[in-house]
Number of protein chains: 2
Amino acid sequence: MKKSLADKIEQYIKVLIARSESDQIEIQRAELAETFSCVPSQVTYVLATRFTERDGYVTISRRGGKGYVRITRCEDTASLREFTELCGFIDELLAYKAISQVEKDLLIYLITNAFKYFNHQQKGQIYDGIKQAISDYVNLHE
Amino acid sequence: MKKSLADKIEQYIKVLIARSESDQIEIQRAELAETFSCVPSQVTYVLATRFTERDGYVTISRRGGKGYVRITRCEDTASLREFTELCGFIDELLAYKAISQVEKDLLIYLITNAFKYFNHQQKGQIYDGIKQAISDYVNLHE
DNA sequence: TCCTCTTTGACCTTTGTTGACTTTCATATA
DNA sequence: TATATGAAAGTCAACAAAGGTCAAAGAGGA
């Protein structure tokens, strides 16, 4: 895959986080931009598109002298959105009697326990895929 | 029969996939079009007519700078060892009345359709995870 | 001829890149 | 203490660089 500048900066930041002890790094926006020979707002763009809470990251920053951007990876909340959505969806299906209580229990158990060896990004994709498939299944059988 | 341009592009892509490690390639639409001296939408046409899910392929793409099209060949899941094992296991559960026919149908549909964006290896891992989880679930409820 | 598949191109949508301008903060200075 | 100054980061809109859509025209075979 040809990597865009944004891709490279993303990867760079992820390596830094991976190497860190506390899943947390502090950078200076201008300095990072300098490293990649681009404008500082490019870094802002990368953070806005690839390090959102949805992606399992939280960033806080301070302006002015000695300013910084701190990026923290929250493994806990990672893929939480998809997980929550999927659970909510399954609840709805039960409410509308599209599935039974027994099926719901099995599904919830499954999605809670079957994918613990995947990283949060993969989990997100898996949950999305399952949601889509269940949705299709229900549509087929209604 | 004379080979159309679309046929040639199709063959070209299939060779690339055959040579790849993971049954998956990434191309740039414009670049491929350049190679065959045609308009980019010709490539789109080839993908739409010869690399559909029915044909056993899944394509995803990204627009914008350094965009790409990723084409994945989804070999028949039935030939995947983990898939076969999982299906067999689910059949057993039904036979022992650990799950109902309804549950079985849902599960089979799910594992057949939910993970098409993953490559072979990842699917294997996913199926293993699901099998383990179902096994645990049944043990808990017997 | 007629029908189906192919080819093309104009226009659309999404994603990435840049730079001018704004806001916030620490610190030096009156 | 109040204010000025400079050094950060944020915002936003214009522009660039991909891929997508769709309809019309072309080509070839039954």
Side-chain angles (χ1 to χ4, degrees), chain A residues 1-17 24-73 121 124-125 128 132, chain B residues 1-14 16-17 20 24-55 57-73 116-117:
Chain A
M1 172 172 95
K2 277 189 183 168
K3 283 212 176 81
S4 66
L5 179 53
D7 291 332
K8 291 177 197 160
I9 296 175
E10 173 191 2
Q11 209 168 13
Y12 182 81
I13 293 175
K14 285 185 172 165
V15 168
L16 289 186
I17 293 177
Q24 175 173 299
I25 61 164
E26 266 183 29
I27 58 163
Q28 289 207 272
R29 194 180 72 142
E31 193 185 314
L32 185 52
E34 178 71 23
T35 303
F36 285 90
S37 304
C38 64
V39 295
S41 53
Q42 179 72 281
V43 175
T44 306
Y45 175 74
V46 172
L47 294 178
T49 54
R50 293 147 154 90
F51 291 87
T52 67
E53 255 173 86
R54 265 190 57 170
D55 300 314
Y57 297 88
V58 173
T59 72
I60 60 165
S61 65
R62 200 175 65 183
R63 302 184 186 189
K66 304 284 193 305
Y68 60 83
V69 179
R70 182 184 304 148
I71 309 162
T72 309
R73 189 171 80 175
Q121 195 194 344
Q125 289 173 24
D128 278 343
Q132 187 60 52
Chain B
M1 175 182 89
K2 205 185 147 196
K3 263 206 181 118
S4 68
L5 178 54
D7 291 334
K8 290 177 197 160
I9 296 175
E10 173 191 3
Q11 213 167 7
Y12 182 81
I13 292 174
K14 285 186 171 164
L16 288 186
I17 294 177
S20 74
Q24 180 171 292
I25 62 163
E26 274 181 20
I27 57 162
Q28 289 206 268
R29 193 180 73 142
E31 194 184 312
L32 186 52
E34 178 72 21
T35 303
F36 285 89
S37 304
C38 64
V39 294
S41 53
Q42 178 73 289
V43 175
T44 306
Y45 173 73
V46 172
L47 294 177
T49 55
R50 292 148 156 89
F51 292 88
T52 67
E53 266 181 62
R54 275 197 59 215
D55 300 316
Y57 296 88
V58 173
T59 73
I60 60 167
S61 64
R62 194 176 72 181
R63 301 185 187 190
K66 303 287 191 299
Y68 59 83
V69 180
R70 182 185 304 148
I71 309 162
T72 308
R73 170 142 170 249
K116 56 191 173 194
Y117 293 111

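Lettering follows sequence order; numbering is per chain, from 1.
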Query - DNA chain C: 5'-proximal contact among B:Gly65 and B:Ala6 (nearest heavy atom) - result: B:Ala6
Report summary line: Comparing nearest nucleotides in DNA chain C, the 5'-proximal residue of the pair B:Tyr45, A:Arg63 is B:Tyr45
Query raised in the report: Can we say A:Asp7 and B:Arg62 salt-bridge, meaning some charged N sits less than 4.0 Å from an Asp/Glu carboxylate O?
Result: yes
Report task. Pick out which of B:Thr44, B:Ile71, B:Ile27 makes a side-chain contact (heavy atoms from CB on, under 4.5 Å) with B:Thr59. Result -> B:Ile71
Requested in this report: For the side chain of B:Thr44, starting at C-beta, report the closest nucleotide among D:dT21, D:dG10, D:dA9.
Outcome: D:dT21
Query raised in the report: Which nucleotide sits closest to the side chain of B:Ser41: D:dA18, D:dG20, D:dT21?
Result: D:dT21
Query raised in the report: Within the structure shown, what part of the strands sits under 4.0 Å from B:Arg70 by heavy-atom distance: base, sugar-phosphate, or nothing?
Result: nothing
Requested in this report: Anything under 4.0 Å to a heavy atom of chain A counts; send over the first and last such nucleotide of DNA chain C, read 5' to 3'.
Outcome: C:dT15 to C:dA26
Requested in this report: Take A:Glu31 and B:Ala30, find for each the nucleotide of DNA chain D with the closest heavy atom, and name the residue whose nucleotide sits nearer the 5' end.
Outcome: A:Glu31
Query raised in the report: Where is the tightest heavy-atom contact between A:Thr49 and A:Asp55, given as atom of each residue plus distance?
Result: O-OD2, 3.9 Å
Query raised in the report: Just to confirm, is there a sub-4.0 Å distance from OP1 or OP2 of D:dG10 to any side-chain nitrogen or oxygen of A:Ser61?
Result: yes
Query raised in the report: Between the base of D:dG19 and the side chain of B:Arg62, is there any donor-acceptor pair under 3.5 Å?
Result: no
